[in-house]
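One structure is given here, and the rest of the page talks about it.
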There are 2 protein chains.
Amino acid sequence: MGNIHDIARIAGVSAATVSRALNGHPYVSDDKRAAVLKAAEQLHYEKNINAVHLAKGKTDTIGVILPFVSHPYFGFILGGIAAEAERQGYKLLIVQTNYDILQEIDALNMLKLKQVDGLIITSRECPIELIEDYSEYGRIVLCEALAHSRLSSVFVDQFKAFQTALSFFTQRGISRIGYTVLRAEGKSSLARKKAYEEQLSRFHPEWVFDRALTIEDGTRIAGEWAAMTDRPNAMVITNDFVAAGFLLECRRLCFAIPEDVAIIGFDNHPLSGALDITTVELPLHELGTIAFQQVLLKDVTHHELPFRLIHRNSV
Amino acid sequence: MGNIHDIARIAGVSAATVSRALNGHPYVSDDKRAAVLKAAEQLHYEKNINAVHLAKGKTDTIGVILPFVSHPYFGFILGGIAAEAERQGYKLLIVQTNYDILQEIDALNMLKLKQVDGLIITSRECPIELIEDYSEYGRIVLCEALAHSRLSSVFVDQFKAFQTALSFFTQRGISRIGYTVLRAEGKSSLARKKAYEEQLSRFHPEWVFDRALTIEDGTRIAGEWAAMTDRPNAMVITNDFVAAGFLLECRRLCFAIPEDVAIIGFDNHPLSGALDITTVELPLHELGTIAFQQVLLKDVTHHELPFRLIHRNSV
DNA sequence: GCTTGCTCTGAAACGCGTTTCATACTTTAC
DNA sequence: GTAAAGTATGAAACGCGTTTCAGAGCAAGC
């Protein structure tokens, strides 16, 4: 199959000229260019992209860290990243971490080893200090609220979004409010608790349900909710899938929505539209698109995206 | 930051010994290994993975072609692929094609250019002949029924699965059956039409609804269905999301399920469980896992996976 | 005592394209 | 007519780790 030097020999030019001809550089005479192209054709020449990567010191590839690829929340972000990557001629190297720190470190090392030119972290478990240490190797974009001088960020203010959902209830005189979180110990759990305590007189730890990510989690939580003697009559739920599981299980157990329990989800996934669930729309696709744009920028940037509550009939 | 030759100089050994020491090869004396490790530490040495890829002629990376990353069907396959890739220490390079042939070719070229060691094609638009041409560059696994000598495959027999769904209706005396397809001109559409004509006396072209991929498509199709004067009273629907959209819109329009229209979906996504939709379970995660295993095998292999119909209350 | 077989090392080749620098020849420019 | 500017090209350096081959040193086997 040959390499660039074989072509050079056959075409009677130097390897430098072959490289220039093949990459469409100016300053190559028409006859030499033709000779190179002919020789390349003849040898069925194919570039070894790894040699290109080595020589150029970049790979036109961006790494994407995400905990679960099959979850729609991350799927939509990834969709936005992928669309923009394609538009700009970049490839994506994805690492599914399951929130395993070792996996996250593995992904960070791709940046250090020059396997990727930049890194987008859609969600993480490891401490920010660890990520900081990698910022010297390439641009890193986090999908979370952050004001960092070396790490870029793009986010929807989860704190405000949660406040908005709570207010939507309290303004309607609903104050017995429960909510769900993904991880009891996560940053956003703390933020939610803080928002809750700011708006409501009393915090009910038993009205906080954790491990809420999937439809099944919603189903499970509805069961736990139904089994309580002193239960909330409104729920702010992590995402529309959990909300869907919760709502459908409540219905199955013969509770009325929103009379027995009002529901607000997040994301505005089409599912919430189909189930008529009130939700806080998050521009996930756009978040991915912007994350990708930021990862290519020289400078560190921060980008807050808007959200809006969509009132449907689950409240 | 230095390279392997700098380390060699400082440690007073050759580059070959540095390479051996750093990669844990045997036959390196303890003192030289220690000297190398110390020098590497001192220089904050980091391997340039691109040089490794070039030297080794492989990248420990597998390419994954998928039309839409944010659709749960592909999300679950990708989840299976990613889980197995992690287990085996491989990285994944994903290309979202939107069924654009140019994008698909772009992805195939990653194999030719040695950017990936193998390729998994979850779904495609381009002709199989085109893909064949790339089989010499590395193992390619297709997620579709195929008996090819140079391309591996892993699949659920869509034809049989569709037949099973149809039989489930006909055995209950239901014969006015419509169905949905993703793309009117696709291979699976032809297969479905064939299966339909084998089991039912008359084929109704107007009872075939295409572009059925998302919840919204299901909603739209329900509207079209409801507007018909002569409409089927049973539907075999591409996947559980479309089925969910269809079912929920039918309910909204005050039709009863399954009395007015019975529904069978595909995938057994948790959503179908929550909505009590009868579905044909497809082992998508496992499909991904096996696809990944196959891509690493020396030999071409073919793998058919089982499906099973799960009877719920939409029929 | 001599052969066989390890253990350990380094030189050099190998994988391969890009880019800088120097050079030489043409064209414009004034 | 000469300087300045542009066009065209090749040699060589550069990016960098892996692996083969040859050889040296040393211990076990008979």
Side-chain angles (χ1 to χ4, degrees), chain A residues 1-40 43-61 109-117 137-138, chain B residues 1-37 39-41 43-61 109-117 137-138:
Chain A
M1 208 196 71
N3 61 29
I4 212 171
H5 297 97
D6 299 324
I7 296 179
R9 198 161 16 77
I10 294 179
V13 299
S14 70
T17 299
V18 175
S19 177
R20 282 190 275 257
L22 258 26
N23 291 303
H25 285 294
Y27 300 162
V28 178
S29 65
D30 290 343
D31 52 339
K32 301 226 163 168
R33 170 166 277 125
V36 166
L37 260 32
K38 187 168 152 242
L43 287 171
H44 301 294
Y45 170 72
E46 295 300 340
K47 229 182 244 205
N48 184 327
I49 199 83
N50 296 128
V52 178
H53 291 168
L54 175 60
K56 289 198 168 173
K58 63 197 278 288
T59 58
D60 292 340
T61 301
N109 278 329
M110 299 193 312
L111 192 60
K112 178 141 77 171
L113 304 180
K114 297 184 195 299
Q115 187 162 20
V116 296
D117 298 343
Y137 302 111
Chain B
M1 205 196 67
N3 60 28
I4 212 172
H5 297 98
D6 298 326
I7 295 179
R9 196 160 21 77
I10 293 179
V13 299
S14 70
T17 298
V18 175
S19 177
R20 282 190 275 257
L22 257 26
N23 292 303
H25 287 293
Y27 299 160
V28 178
S29 63
D30 290 344
D31 53 339
K32 300 225 166 171
R33 171 167 274 123
V36 166
L37 261 30
E41 172 82 13
L43 287 170
H44 301 295
Y45 171 73
E46 294 301 336
K47 230 183 243 205
N48 184 328
I49 200 82
N50 295 129
V52 177
H53 291 169
L54 175 60
K56 289 200 169 170
K58 63 196 281 285
T59 57
D60 292 340
T61 301
N109 279 328
M110 298 193 313
L111 193 59
K112 176 140 79 172
L113 304 180
K114 298 183 194 300
Q115 187 160 21
V116 296
D117 298 343
Y137 303 111

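Here the structure is a predicted model, which is why all the values come from computation and not from measurement. Note on naming: letters A, B, ... go to the chains in the order of the sequence lines (proteins, then strands), and numbering restarts at 1 for each one.
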Could you go step by step and tell me if Thr61(B) and Met110(B) meet the side chain to side chain contact (heavy atoms under 4.5 Å, CB included) rule?
CA-CA 10 Å; Thr61(B) 301; Met110(B) 298 193 313; over 6 Å; no
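One can place CZ of Arg9(B) at 14 Å from P of dA11(C), the figure rounded to the nearest angstrom.
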Using atom names, set out every protein N or O paired with an N or O of nucleotides 15-18 of chain C below 3.5 Å, distance rounded to 0.1 Å.
{"unit_1": "dG17(C)", "atom_1": "OP1", "unit_2": "Tyr45(A)", "atom_2": "OH", "d": "2.5"}
{"unit_1": "dG17(C)", "atom_1": "OP2", "unit_2": "Ile4(A)", "atom_2": "N", "d": "2.7"}
{"unit_1": "dG17(C)", "atom_1": "O5'", "unit_2": "Tyr45(A)", "atom_2": "OH", "d": "3.2"}
{"unit_1": "dT18(C)", "atom_1": "OP1", "unit_2": "Asn23(A)", "atom_2": "ND2", "d": "3.2"}
{"unit_1": "dT18(C)", "atom_1": "OP1", "unit_2": "Lys47(A)", "atom_2": "NZ", "d": "3.3"}
{"unit_1": "dT18(C)", "atom_1": "OP2", "unit_2": "Ser19(A)", "atom_2": "OG", "d": "2.7"}
{"unit_1": "dT18(C)", "atom_1": "OP2", "unit_2": "Asn23(A)", "atom_2": "ND2", "d": "3.0"}

Show every donor-acceptor pair shorter than 3.5 Å between a side-chain atom in residues 2-20 of chain B and any protein atom, with sequence neighbours excluded, or say none if there are none.
{"unit_1": "Asn3(B)", "atom_1": "OD1", "unit_2": "His5(B)", "atom_2": "N", "d": "2.9"}
{"unit_1": "Asn3(B)", "atom_1": "OD1", "unit_2": "Asp6(B)", "atom_2": "N", "d": "3.2"}
{"unit_1": "Asp6(B)", "atom_1": "OD1", "unit_2": "Arg9(B)", "atom_2": "NH2", "d": "2.7"}
{"unit_1": "Asp6(B)", "atom_1": "OD2", "unit_2": "Asn3(B)", "atom_2": "N", "d": "2.9"}
{"unit_1": "Ser14(B)", "atom_1": "OG", "unit_2": "Ala16(B)", "atom_2": "N", "d": "3.4"}
{"unit_1": "Ser14(B)", "atom_1": "OG", "unit_2": "Thr17(B)", "atom_2": "N", "d": "3.3"}
{"unit_1": "Ser14(B)", "atom_1": "OG", "unit_2": "Thr17(B)", "atom_2": "OG1", "d": "3.3"}
{"unit_1": "Ser19(B)", "atom_1": "OG", "unit_2": "Asn23(B)", "atom_2": "ND2", "d": "3.4"}

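Between Tyr27(A) and the phosphate of dT7(D), there is a side-chain N or O to OP1/OP2 separation shorter than 4.0 Å. Taking only side-chain nitrogens and oxygens, Thr17(A) comes nearer than 4.0 Å to OP1 or OP2 of dG10(D).
Asp117(B) places a side-chain N or O within donor-acceptor distance of the main-chain N or O of Thr59(B), the cut-off being under 3.5 Å.
With rounding to the nearest 0.5 Å, the separation of CZ in Arg33(B) from NE2 in His25(B) is 9.5 Å.
Using a 4.5 Å heavy-atom cutoff, the side chains of Lys114(B) and His53(B) are not in contact.
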